[in-house]
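Report on the following structure.
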Amino acid sequence: MKTEQRDDNTPAASQSLTRDTPVGSFRSVLKNRSFLLLWLAQLLSQTVFNAANYGVIAFVTTVTHSAFLVGFAIVSFTLPAVPFSLLAGGYVDYLNKRLVLWVSNALRAVATGLIVVALLWNPHTVIPLYFLAFVISLITQFFIPAEASAIPLLVEKKDLVPALSLFNITLTIAQALGFLVIGGLITALFPPFHLSLGLISVQVESFDMLFIIVAIVYAICTLLILAIPRHALQQQQRAEPRLPGSLREQTWKILRHDVADTWAYIRKNRQLLLALLQVSFVSILLLVIGELAGPFVVNVLHLPFQDMPIVFAPAGVGLVLGGLIMPFLTQRLGKDRIIALGNICTAAGLILIPLVRLIWSKLALPTMGVLLVVGAITFFIGVALDMINIPAQTVMQEQAPEEERGRVFSFQSMFYNAGSIPVLLFAGAIADTLGIETVMYLLAAGILAFRWWAARYSHKPFV
């Protein structure tokens with residue numbers, strides 16, 4: 001456990017420490033009990049968070065069969081990041097990280113429990129689901145920067161690189177497992193059943209069981225955070241005194257001072273800005289894929305929604321495998337080239353999915369064949385997304401100074417969520433009018449255009 005104070009908070013100093021300090025390993029960081037507890041809490045909470053997002057999307061798809069309304073559901077849990085993520089990041093830098101982490105998990109457990117109550121009360125409306133998804137996302141805006149800022153407080157300097165790599169890999173695994181595997185697996189394992197509680201009789205559906213399990217896991221994560229010793233997450237006080245005055249004055253001071261300084265730093269650091277944009281771009285792309293996945297299975301492949309994990313689970317396997325091999329590939333090819341290849345491969349995969357489906361339908365081949373081919377392509381896309389996301393996140397961690405790290409990550413969260421709202425609504429409207437496969441072609445074109453801009457901005461080759 002780390003006990004020493006840090007005096008060198010500049011990026012240059014951070015890079016010097018990385019060069020001069022012996023590099024640790026996954027084994028050494030996992031022997032750190034406090035870090036292990038935080039890591040387990042992250043793995044479980046991020047997995048069920050994404051499983052719950054799957055449940056929201058699946059329920060809305062089942063009830064409405066509209067890509068636009070599915071996009072609106074995704075907006076409901078991305079919208080809070082726009083006004084609140086920057087404010088949350090500013091407050092988190094002043095607050096006790098342990099307190100923020102366990103309270104966030106506890107509140108998410110309560111909100112998820114309210115989703116169960118709402119679905120049991122009226123299983124044919126999506127409005128309560130939109131509202132509660134919004135609330136959970138609002139709480140998560142405090143959890144994300146607190147978690148990112150807590151990592152350097154728990155590990156020695158030599159263990160920071162493997163610790164950050166482990167968290168990046170875990171985040172990718174959690175997204176893949178939660179959204180593409182766990183959510184569908186739980187709904188498949190728990191068929192609807194009738195429950196009688198005295199005078200009350202309710203019909204418990206598969207989605208109800210999914211959200212019940214999510215709420216229980218959030219409660220477990222709360223206990224994991226509480227098991228971290230209080231002193232483990234104590235940090236050096238910032239130079240500024242604690243904010244005085246009313247809540248309104250505190251909020252304005254954070255927005256005017258902390259946020260403005262963070263944006264000024266990001267804007268001057270071209271590497272950090274480009275990495276932030278690349279991570280945000282991948283996050284938006286994942287949201288759009290999540291928006292289109294259910295309607296693609298139901299409306300294009302004409303399969304039941306429960307078959308979605310069969311089609312897209314290979315993408316989760318690709319994300320996991322990509323996370324494991326990415327350090328080796330990055331060392332051999334370099335971050336910039338890996339990111340460029342990841343963009344090109346992702347665009348190619350999005351073009352291949354509708355092309356393969358079209359060829360298969362023209363040849364009247366068995367449906368199982370197209371499932372296997374689409375699954376292989378989504379596996380390919382999963383690896384390609386890691387090629388963009390993991391190197392870019394590594395650059396963000398390297399370039400963000402310790403005292404600004406929480407606000408940098410909050411800024412990135414706000415940026416991608418703000419960008420995702422018009423993209424999701426636009427993609428949903430096009431999918432409902434011109435077809436889902438048209439959106440896939442447009443996404444591929446957008447990825448290639450973004451890569452072209454990034455190459456010009458960084459003055460580096462396209463590939």
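- Taking CG of L154 as the start and CG of L36 as the end, the distance is 11.0 Å to the nearest 0.5 Å.
- Contact record, Q278 with A454: NE2-CB, 4.5 Å, taken as the closest heavy-atom pair.
- Listed for the N389 side chain is no donor-acceptor partner under 3.5 Å among the backbone atoms of L385.
- Counting only distance, with no hydrogens or angles, the side chain of S66 and the backbone of L69 share a donor-acceptor pair below 3.5 Å.
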Donor-acceptor contacts under 3.5 Å from residues 206-229 side chains, at least two apart:
| from | atom 1 | to | atom 2 | distance (Å) |
| --- | --- | --- | --- | --- |
| S206 | OG | T187 | O | 3.2 |
| S206 | OG | F190 | O | 2.7 |
| D208 | OD2 | E205 | N | 2.8 |
| T222 | OG1 | A106 | N | 3.1 |
| T222 | OG1 | Y218 | O | 3.0 |

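- Heavy atoms only, all atoms of each residue included: L43 and A174 are closest at O-CB, 4.2 Å.
- Closest heavy-atom contact between V288 and A427: CG1-CB, 4.2 Å.
- Distance check, rounded to the nearest 0.5 Å: CD1 of I338 to OG1 of T394 gives 11.5 Å.
- Residues L443 and L285 have side chains in contact (heavy-atom distance under 4.5 Å, counting atoms from C-beta outward).
- When all heavy atoms of S280 and L276 are compared, the pair lying nearest together is OG-O, 2.8 Å.
- The two residues L132 and A118 make their nearest non-hydrogen contact at CD1-CB, 4.5 Å.
- In F131, the CZ atom is not crowded: 12 or fewer heavy atoms of neighbouring residues, nucleotides or ligands sit closer than 6.0 Å.
- Side-chain contact between K335 and Q271 is absent, with no heavy-atom pair separated by less than 4.5 Å.
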Only pairs under 3.5 Å count here: list side-chain donor-acceptor contacts from residues 323-331, not counting sequence neighbours, and write none if there are none.
| from | atom 1 | to | atom 2 | distance (Å) |
| --- | --- | --- | --- | --- |
| T330 | OG1 | M326 | O | 2.8 |

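- Heavy atoms from other residues, nucleotides or ligands lying under 6.0 Å from CD1 of I127 number 12 at most.
- Between the side chain of N343 and the main chain of I339, a donor-acceptor pair closer than 3.5 Å is present.
- Test E147, R108, Q46 against T140 for side-chain hydrogen bond (donor to acceptor under 3.5 Å, both in side chains) and you get one pass: R108.
- Distance OG1/T346 to CG/L341: 10.5 Å, rounded to 0.5 Å.
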Decide side-chain contact (heavy atoms from CB on, under 4.5 Å) for Y130 and V75; before the verdict, give the C-alpha distance in whole Å, the side-chain angles of both, and the deciding distance to 0.1 Å.
CA-CA 9 Å; Y130 288 158; V75 167; over 6 Å; no
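- Atom-to-atom distance recorded for L274:CG and N269:CG is 10.5 Å, nearest 0.5 angstrom.
- The structure places CZ of F142 at 12.5 Å from CG of L101, a figure rounded to the nearest 0.5 Å.
- When side chains are defined from C-beta on, T125 does not count as touching V63, because their heavy atoms never get closer than 4.5 Å.
- The two residues T378 and G375 come nearest to each other via the heavy atoms OG1-O, 2.8 Å.
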After noting the C-alpha distance and the side-chain angles of I136 and F49, does the key distance pass the side-chain contact (heavy atoms from CB on, under 4.5 Å) rule?
CA-CA 9 Å; I136 292 172; F49 177 75; 4.2 Å; yes
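- Of the possible donor and acceptor atoms, none in the side chain of S137 sits under 3.5 Å from a partner among the backbone N and O of F134.
- Between F450 and F281, the ring-plane angle classifies as parallel under the 30° and 60° cut-offs.
- For the atom pair I381 CD1 and D386 CG, the distance stands at 12.5 Å (nearest 0.5 Å).
- When side chains are defined from C-beta on, F143 does not count as touching V100, because their heavy atoms never get closer than 4.5 Å.
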